[in-house]
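The structure displayed is predicted, hence computed values, not measured ones. Note on naming: letters A, B, ... go to the chains in the order of the sequence lines (proteins, then strands), and numbering restarts at 1 for each one.
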Amino acid sequence: MHDIRAVRADPAAFDAALARRGIAPASAAILARDEARRTAQTAQQEKQARRNAIAKEIGMAKRQGGDTAALEAEAIALRDEMAALETTAAEAEREQTALLEVLPNTLDPEVPDGADETANVVLHQHGEIPSLAFQPKQHFELGEALGLMDFATATKIAGARFTVLKGALAQLERALGQWMLALHTEEHGYTEASVPLLVNDAVAYGTDKLPKFADDLFRTTDGRWLIPTAEVPLTGFAMDTIIPEADLPMRLTALTPCFRSEAGSAGRDTRGMLRQHQFWKVEMVTITTPEQSVEEHERMTRCAERVLTDLGLTWRRVFLCAGDTGFGAARTYDLEVWLPGQQAWREISSCSNTRDFQARRMNGRFKPKEGKGNVFLHTLNGSGVAVGRALIAVMETYQNEDGSIRIPAVLQPIMGGREKIG
RNA sequence: GGAGAGGUGCCGGAGUGGUCGAACGGGUCGGUCUCGAAAACCGAAGUACGGGCAACUGUACCGUGGGUUCGAAUCCCACCCUCUCCGCCA
């Protein structure tokens with residue numbers, strides 16, 4: 001959520017920031033509501049002050065047995081006048097909020113221009129695109145041939161965009177999640193959290209999933225939401241709180257299933273388990289100060305890269321351009337992994353600094369060591385990494401010509417020393 | 001699910017429909033005292049949104065949202081949450 005005072009202070013800059021995202025100017029409409037609200041509010045408050053004074057006078061007069069009829073009449077008149085002003089102010093504020101809450105975050109100045117992913121900038125690549133001596137298969141071909149990946153059963157019991165894993169592949173998926181979690185907690189200073197997978201409106205709104213992206217989420221019959229990422233509950237730790245600066249940065253991680261309706265992606269990535277309604281993901285979230293968030297973003301991204309490097313995967317860091325940066329993010333790095341079977345780079349992690357955009361929405365602040373007042377926090381989130389896609393990448397990268405799959409060295413201890421599947 | 005109790009400031013805890021933004025205690029910060037500290041004493045301190053160049057000032061906030069009233073922390077209604085007992089349950 002944007003700071004209305006920032007819009008007021010420099011409407012042109014606000015509209016220019018929106019233009020980078022290809023969004024029409026909005027400051028005039030917003031400021032009209034702001035002006036209307038303040039005018040009505042000021043008038044209403046003046047009447048309220050008078051009404052409060054009258055109430056006091058009546059109280060004193062009654063104690064002395066005086067006549068209060070005239071005062072009471074004035075108070076009633078005031079009440080009616082105030083009601084109209086209050087309605088005007090509330091309506092203007094509602095409209096202003098409705099306009100503001102669907103506007104994306106302001107981009108970091110360094111974010112490259114561009115309308116879509118073709119303008120993203122590859123910052124660096126780790127590892128070579130492997131040239132196999134045979135025709136590599138895609139993960140679902142490998143999985144189905146091994147009899148360990150079963151889409152038919154998943155479809156029968158749940159529907160499209162679900163997968164059943166069995167035996168060593170199920171174990172490999174579990175090992176990946178466990179191992180990533182251990183890496184972040186033991187070496188990267190993140191605190192593991194086990195969190196609710198169902199959340200309320202407030203935290204979904206605070207993490208900018210609502211109201212604009214409600215269609216992307218699954219909703220429970222009692223009005224809660226299945227989390228699309230652990231970013232939602234973890235960032236929610238900061239909601240409606242004032243954290244002492246000494247407790248920052250707060251680095252949190254969780255391994256959770258993620259649920260996405262994939263409403264807008266019908267027909268895309270329908271084969272295999274690349275795009276599912278449900279997948280496991282290790283998420284990292286940092287809650288910190290404005291001074292620390294820039295460096296924290298780099299640090300978090302390196303933590304995600306470490307996962308891919310240690311798994312022996314080929315990956316690259318991509319700086320998302322203006323048009324591809326997500327709604328809540330000021331700056332985002334995607335990590336893309338090379339899938340030999342698909343012969344393509346695919347997103348496996350996305351690390352974003354939202355600055356104070358989410359913190360404003362959820363009223364998350366900290367108390368600075370120096371100086372007065374409370375300041376909005378900065379929140380960052382990043383996948384560390386998507387487990388389902390890591391499984392795909394491992395399968396396609398470590399496949400042998402006979403369809404068997406070697407197990408990356410770091411995972412072998414958790415896989416009971418096993419070195420190969422199939 | 002049934003029955004009951006309760007939600008007040010950083011914490012504990014008062015609060016009669018009318019000078020209550022809220023007693024009192026603790027904690028915090030500043031000061032006095034001290035070689036220094038403790039104790040004691042004195043003082044300060046909430047958040048949000050307006051108005052004002054500013055000093056300052058107005059309004060709101062006692063779980064949330066409505067209502068009654070000239071006036072609500074206090075009365076009424078709904079909802080949320082916490083606790084106790086019973087039932088059920090991984």
Side-chain angles (χ1 to χ4, degrees), chain A residues 1-9 30-101 194-206 210 219-225 233 236-248 256-257 356-377:
Chain A
M1 185 75 95
H2 294 278
D3 182 1
I4 183 63
R5 274 169 294 203
V7 186
R8 235 183 262 154
I30 291 164
L31 290 178
R33 270 67 172 197
D34 180 49
E35 182 64 32
R37 188 199 106 243
R38 286 190 291 158
T39 303
Q41 182 178 330
T42 301
Q44 191 266 124
Q45 287 181 354
E46 279 164 9
K47 292 188 190 298
Q48 179 70 51
R50 173 62 187 148
R51 188 163 79 119
N52 288 348
I54 293 171
K56 264 182 193 172
E57 282 183 56
I58 292 174
M60 286 189 283
K62 283 227 162 131
R63 231 167 297 143
Q64 293 158 8
D67 177 42
T68 60
L71 286 169
E72 285 184 30
E74 185 185 352
I76 289 172
L78 275 172
R79 189 171 59 182
D80 295 341
E81 295 168 35
M82 280 167 52
L85 289 166
E86 235 177 298
T87 305
T88 304
E91 186 55 30
E93 185 165 18
R94 235 191 319 277
E95 289 176 8
Q96 179 188 307
T97 301
L99 289 168
L100 277 174
E101 69 191 2
S194 174
V195 295
L197 306 180
L198 265 48
V199 294
N200 59 28
D201 286 340
V203 76
Y205 181 89
L210 294 180
R219 186 154 207 235
T220 64
T221 52
D222 69 349
R224 284 179 246 267
W225 307 89
F237 285 19
M239 185 164 71
D240 292 322
T241 55
I242 299 169
I243 300 174
E245 185 175 350
D247 292 353
L248 301 173
T256 70
D356 65 0
F357 190 76
Q358 294 181 325
R360 283 182 184 284
R361 284 180 165 252
M362 63 172 74
N363 193 28
R365 295 170 295 168
F366 74 99
K367 193 174 280 300
K369 286 187 198 123
E370 307 290 330
K372 270 175 64 86
N374 303 315
V375 179
F376 284 112
L377 292 155

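Contact annotation: A:R79 reaches the phosphate of B:G71 (side-chain N/O to OP1 or OP2, under 4.0 Å). For A:R8, a side-chain nitrogen or oxygen approaches OP1 or OP2 of B:G50 to under 4.0 Å.
Atom OG1 of A:T220 is separated from atom CG of A:L197 by 12.0 Å, given to the nearest 0.5 angstrom. Taken from CG in A:L78 to CD in A:Q44, the straight-line distance is 10.5 Å, to the nearest 0.5 Å. Atom-to-atom distance recorded for A:R38:CZ and A:I4:CD1 is 8.0 Å, nearest 0.5 angstrom.
Taking atom CG on A:N200 and atom P on B:C80, their separation rounds to 13 Å, with Å as the unit. Summarising the geometry, the separation between CG on A:L78 and C1' on B:U59 is reported as 14 Å, rounded to the nearest angstrom. Rounded to an integer number of Å, the gap from A:Q45 CD to B:G58 C1' is 6 Å. For the pair A:N363 CG and B:C49 C1', the interatomic distance rounds to 13 Å; values are reported in whole Å. Spacing between atom CE of A:M60 and atom C1' of B:G71 amounts to 12 Å, rounded to whole angstrom units. B:U69 atom P lies 18 Å from atom CG of A:L71, rounded to whole Å. Distance CD (A:Q41) to P (B:U57): 19 Å, rounded to an integer number of Å. Whole-Å rounding puts the A:Q44 CD to B:C49 P distance at 17 Å.
Using N1 to N3 plus N6-O4 or O6-N4 for Watson-Crick, or N1-O2 and O6-N3 for G-U wobble, each under 3.5 Å, B:C79 pairs with B:G63. Searching all strands for a Watson-Crick or G-U wobble partner of B:G58 with both distances below 3.5 Å returns B:C49. As the counterpart of B:C70, B:G18 is assigned, both hydrogen-bonding distances of the Watson-Crick or G-U wobble pattern falling under 3.5 Å. The partner of B:A23 cannot be assigned: no Watson-Crick or G-U wobble pair with both contacts below 3.5 Å exists in any strand. Of all nucleotides present, only B:G2 satisfies the Watson-Crick or G-U wobble test against B:C85, with each distance under 3.5 Å. Base pairing annotation: B:U34 forms no Watson-Crick or G-U wobble pair, as no partner gives both donor-acceptor distances under 3.5 Å. B:A44: Watson-Crick or G-U partner is B:U28, with both key distances under 3.5 Å.
Within the structure, the side-chain hydrogen bond (donor to acceptor under 3.5 Å, both in side chains) test picks out the following pairs touching residues 77-90 of chain A (sequence neighbours left out): A:K47-A:E81.
A gap of 33 Å separates the P atoms of B:G65 and B:C53, to the nearest Å. If you take atom C1' in B:G15 and the same atom in B:G9, they sit 14 Å apart, rounded to whole Å. A distance of about 37 Å separates the P atoms of B:G18 and B:G2, rounded to the whole Å. Rounded to whole Å, the separation between the P atoms of B:U82 and B:G30 comes to 38 Å. Comparing the C1' positions of B:A72 and B:C62 gives an interatomic distance of 11 Å, to the nearest angstrom. Separating the C1' atom of B:U57 from that of B:G43 is a span of 24 Å, rounded to the nearest Å. Nucleotides B:U8 and B:U64 are separated by 10 Å at their P atoms, to the nearest Å. Rounded to whole Å, the separation between the P atoms of B:U28 and B:A37 comes to 15 Å.
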Next item on the list: Kindly determine whether A:R360 and A:E101 satisfy salt bridge (Lys or Arg N to Asp or Glu O under 4.0 Å), including the steps that lead there.
Entry: CA-CA 11 Å; A:R360 283 182 184 284; A:E101 69 191 2; over 6 Å; no
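In A:R224, the CZ atom is not crowded: 12 or fewer heavy atoms of neighbouring residues, nucleotides or ligands sit closer than 6.0 Å.
At a threshold of 4.0 angstrom between heavy atoms, the contacts of A:R224 with the nucleic acid are absent.
Here the side chain of A:T42 is nearest to one of B:C70, B:G51, B:C49, namely B:G51.
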I'd like a table of donor-acceptor pairs (distance under 3.5 Å, sequence neighbours excluded) in which one partner is a side-chain atom from residues 241-248 of chain A, with atom names and distances.
unit_1	atom_1	unit_2	atom_2	d
A:T241	OG1	A:A238	O	2.7
A:E245	OE1	A:K369	N	2.7

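Of the charged side-chain nitrogens involved, none lies within less than 4.0 Å of a carboxylate oxygen, so that A:R37 and A:E95 do not count as a salt-bridged pair.
Listed in residue order, the members of residues 82-97 of chain A having a heavy atom less than 4.0 Å from RNA chain B come to none. For the contact set between residues 47-59 of chain A and RNA chain B, defined by any heavy atom under 4.0 Å, the members are A:Q48, A:A49, A:R51, A:N52, A:A55, A:I58, A:G59. Near RNA chain B, meaning a heavy atom under 4.0 Å away, there are no residues from residues 236-244 of chain A.
A donor-acceptor contact shorter than 3.5 Å links the side chain of A:R361 to the backbone of A:Y205.
When side chains are defined from C-beta on, A:L210 counts as touching A:W225, because their heavy atoms get closer than 4.5 Å. Two residues are said to be in side-chain contact when any heavy atoms from C-beta on lie closer than 4.5 Å; A:T97 and A:M1 meet this criterion.
Smallest separation of non-hydrogen atoms from A:V203 and A:G236: CG2-CA, 3.4 Å.
In this structure A:R8 satisfies the side chain to side chain donor-acceptor pair (under 3.5 Å) test together with A:D34, sequence neighbours excluded.
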